[in-house]
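Chain letters run A, B, ... following the sequence lines, proteins first and then strands; every chain starts at 1. Just the heavy atoms: all of them, side chains too, but no hydrogens, waters or symmetry mates, feed the values below.
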Amino acid sequence: MRDSARGLSFHVQEALDGLRQAVVMNLATLSTVAITLFILGSFLLFMRNMNENLKLLRSQLQLTVYLKKEITEPQKTELVSRLQGDPSIVNYRFVGRDAALKTVKEWMGWSDFEVRDNPLPDSFDVKLHEGVDFDAFVSRAKSWPGVDDLSVGEKEVGALIKLLDLARSVGLVLVLVLGTASLMIIANTIKLTVYARRTEISIMKLVGATNWFIRMPFLIEGFLQGLLGAAIALALLLTGYPVVVARLSGIAPFLRFVTDSADLFRLSWQLVLMGVLLGLLGSLISLRRIAV
Amino acid sequence: MIQMYNVNKVYPNGVKALNAIDIHIARGEFVFLVGPSGAGKTTLMRLIFRDELPSTGHVIVDGRNIERLNASKVPYLRRSIGVVFQDFRLLDNRTVFDNVAFALRVTNTPYDEIQDRTNSVIDLLGLGHKKQFTPLQLSGGEKQRVCIARAIVNNPAILLTDEPTGNLDPDMSVEIMDILAEINKRGTTLLVATHNTQIVNKMQRRVIGLVDGRVTSDKAKGVYNY
Ligand SMILES: Nc1ncnc2c1ncn2[C@@H]1O[C@H](COP(=O)(O)OP(=O)(O)O)[C@@H](O)[C@H]1O
Ligand SMILES: [Mg+2]
């Protein structure tokens with residue numbers, strides 16, 4: 001027990017020495033890793049939030065059938081029986097124009113405003129079965145008596161999905177580029193440490209230290225750089241995120257935000273894992289040439 | 001202990017450093033390796049601890065064929081071979097004790113054993129009072145003794161010393177040679193590459209002469225000659 005502890009302390013001590021010996025270089029490396037992981041974390045948070053909101057939109061996938069102002073009672077009865085009988089419809093609900101205005105005001109966060117002439121007509125909220133031919137339903141419903149127009153929410157959702165796909169691609173490329181840069185910078189920093197310790201390394205080889213024993217301090221160095229970088233990125237993210245959420249909630253109260261601590265915890269250790277992986281991979285790259 | 005069969009060594013730059021070498025060194029032997037600069041003495045030693053591989057031929061060390069030795073086994077071969085260079089290769093930022101203990105620390109030796117063996121080897125080499133000095137505070141002879149201490153601290157079966165007296169004055173050279181003879185007397189197979197005519201002649205041991213990568217003479221109880 002005691003001996004293995006001593007052995008470990010040899011490696012940790014060497015790694016810490018390595019970090020100390022190139023303070024400036026290590027600060028540069030550390031900030032690169034931290035920035036990379038910060039951007040990765042922001043990106044992950046952004047995607048998580050967008051997906052959440054998309055899910056919300058999808059679950060509310062409904063059309064609004066606006067009625068003509070001059071609709072007659074018999075037309076209304078006829079329309080209800082059509083709604084009742086249409087196989088594409090899951091359910092429908094009458095929304096009076098006053099109720100519609102109230103909803104809109106809440107949605108936009110304008111509850112304080114006084115609207116004099118309500119521009120909204122009476123309407124039906126209609127929820128469709130998943131997978132029905134949307135356009136076919138719209139053109140059919142337009143010919144029903146008393147129907148003025150239909151809102152086409154699905155198209156907006158489609159646009160949003162495209163936007164999200166784009167954001168995902170851009171984010172992915174960004175993270176890949178930054179990740180590669182971090183990797184190279186870590187590898188270079190460790191290469192410098194390896195160079196500074198070439199005498200030690202040559203003696204270690206001479207007296208029969210194994211390759212992994214020789215590599216261990218450098219792996220620990222990379223590991224620590226990754227871990228520390230992740231810690232910095234996380235500290236920034238976890239303090240910054242609530243502020244951003246508070247701001248955005250004020251501007252766009254209809255958006256939902258992921259604030260579940262389990263979610264944030266998962267993100268935290270995803271970042272730590274990425275950091276450690278970057279660090280270890282970076283040092284492995286620079287250690288390829290240390291061999292018997 | 002060490003056998004070379006028809007060994008040739010050509011470096012990547014085309015220099016032919018060793019040419020058809022056949023050498024057999026028995027366990028416990030004391031062998032001088034003499035020859036002009038560039039004869040291939042250092043190369044021959046580097047083959048023994050597998051710092052280099054032969055281009056053709058076979059090198060067998062303590063029953064192990066070094067060309068066929070798995071890379072993961074190389075460190076264990078090296079633990080059975082001590083190496084001392086002319087240029088010392090000590091760590092200037094560590095004490096004498098730490099320089100010697102280094103060889104044990106990096107080979108997973110238990111802590112108590114490191115302390116015991118390092119202390120006794122340092123005492124054996126008469127450096128007990130300089131344990132906490134750094135190499136920069138030592139004379140050339142003392143530095144060479146630290147190197148020898150580091151090379152023998154894990155009781156290697158073979159000790160290779162490449163021009164161990166090359167940087168030392170005559171008195172110190174004699175002193176170092178006496179220490180090496182003492183180590184050999186304890187059973188370690190010893191190979192000494194040297195230019196020191198006086199010492200070779202005085203010691204009356206086996207002398208192998210090397211010129212241009214070829215063995216030109218090999219005599220038991222020989223004199224400096226190649
Ligand atoms: N790493 C190397 N790469 C290329 N040539 C080398 C290398 N080491 C030694 N040589 C050449 O091999 C020959 C033998 O060198 P060496 O074994 O060092 O001789 P010695 O130790 O007897 O002076 C010399 O010509 C030298 O220049
Ligand atoms: Mg030489």
Side-chain angles (χ1 to χ4, degrees), chain A residues 1-26 190-223 283-292, chain B residues 45-46 48-53 66 69-85 87-94 98-115 118 135 146-147 149-162:
Chain A
M1 226 22 250
R2 193 176 167 206
D3 300 323
S4 64
R6 296 269 176 177
L8 183 69
S9 84
F10 176 89
H11 284 136
V12 173
Q13 214 171 315
E14 298 280 302
L16 289 176
D17 279 358
L19 285 173
R20 245 199 316 270
Q21 271 171 13
V23 175
V24 176
M25 196 56 201
N26 277 297
I190 290 176
K191 225 176 260 171
L192 282 186
T193 328
V194 169
Y195 181 74
R197 303 186 156 224
R198 60 197 182 284
T199 318
E200 262 116 320
I201 292 172
S202 77
I203 295 171
M204 284 197 215
K205 286 186 191 175
L206 195 67
V207 299
T210 60
N211 276 336
W212 283 110
F213 187 96
I214 296 172
R215 287 174 183 150
M216 195 56 81
F218 304 108
L219 285 175
I220 293 175
E221 189 182 332
F223 173 86
S283 37
L284 277 177
I285 288 174
S286 66
L287 291 180
R288 269 174 320 181
R289 274 189 294 158
I290 298 189
V292 280
Chain B
M45 291 193 161
R46 290 176 68 200
I48 295 170
F49 66 99
R50 202 199 170 279
D51 198 25
E52 286 287 347
L53 287 169
I66 69 140
L69 201 62
N70 194 305
S72 64
K73 298 268 168 57
V74 171
Y76 302 96
L77 168 80
R78 291 189 185 151
R79 288 177 200 187
S80 69
I81 303 173
V83 184
V84 176
F85 293 105
D87 63 356
F88 308 129
R89 298 208 197 165
L90 293 172
L91 299 169
D92 288 338
N93 56 352
R94 295 177 201 234
D98 285 338
N99 266 284
V100 175
F102 191 80
L104 297 174
R105 285 201 181 121
V106 302
T107 50
N108 293 321
T109 312
Y111 177 76
D112 292 334
E113 206 178 323
I114 293 177
Q115 302 297 309
T118 305
V146 177
C147 292
R150 183 179 62 195
I152 64 169
V153 71
N154 57 3
N155 283 322
I158 300 169
L159 180 60
L160 307 174
T161 60
D162 195 358

Do you know which of B:Leu91, B:Asn154, B:Leu90, B:Ile114 has the most heavy-atom pairs with chain A at a distance under 4.5 angstrom?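 Top option by heavy-atom pairs under 4.5 Å: B:Leu91.
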Contacts of type side chain to side chain contact (heavy atoms under 4.5 Å, CB included), residue A:Met216, not counting sequence neighbours: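 A:Met216: side chain to side chain contact (heavy atoms under 4.5 Å, CB included) contacts with A:His11, A:Ile220.
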For A:Ala209 versus B:Val106, what's the shortest heavy-atom pair and its separation?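 In terms of heavy atoms, the two residues are closest at CB-O, 3.4 Å.
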Residue pair B:Asn108 / A:Phe213: nearest heavy atoms and the distance that separates them: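 The pair with the smallest heavy-atom distance is OD1-CE1, 3.6 Å.
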Considering only heavy atoms from C-beta outward, does the side chain of A:Thr210 approach that of B:Arg79 to under 4.5 Å?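 In short, these two side chains touch, coming nearer than 4.5 Å.
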Spacing of CZ belonging to B:Phe85 relative to CD1 belonging to A:Ile203, to within rounding of 0.5 Å: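 If we round to the nearest 0.5 Å, B:Phe85:CZ and A:Ile203:CD1 are 9.5 Å apart.
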So, taking the atom named CZ in B:Arg50 and the one named NZ in A:Lys205, what distance separates them when rounded to the nearest 0.5 Å?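 Answer rounded to 0.5 Å: 11.0 Å.
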Please flag which part of B:Asp51 lies under 4.5 Å from any non-hydrogen atom of chain A: side chain, backbone, both or neither.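 Nothing of B:Asp51, per the 4.5 Å heavy-atom cut-off to chain A.
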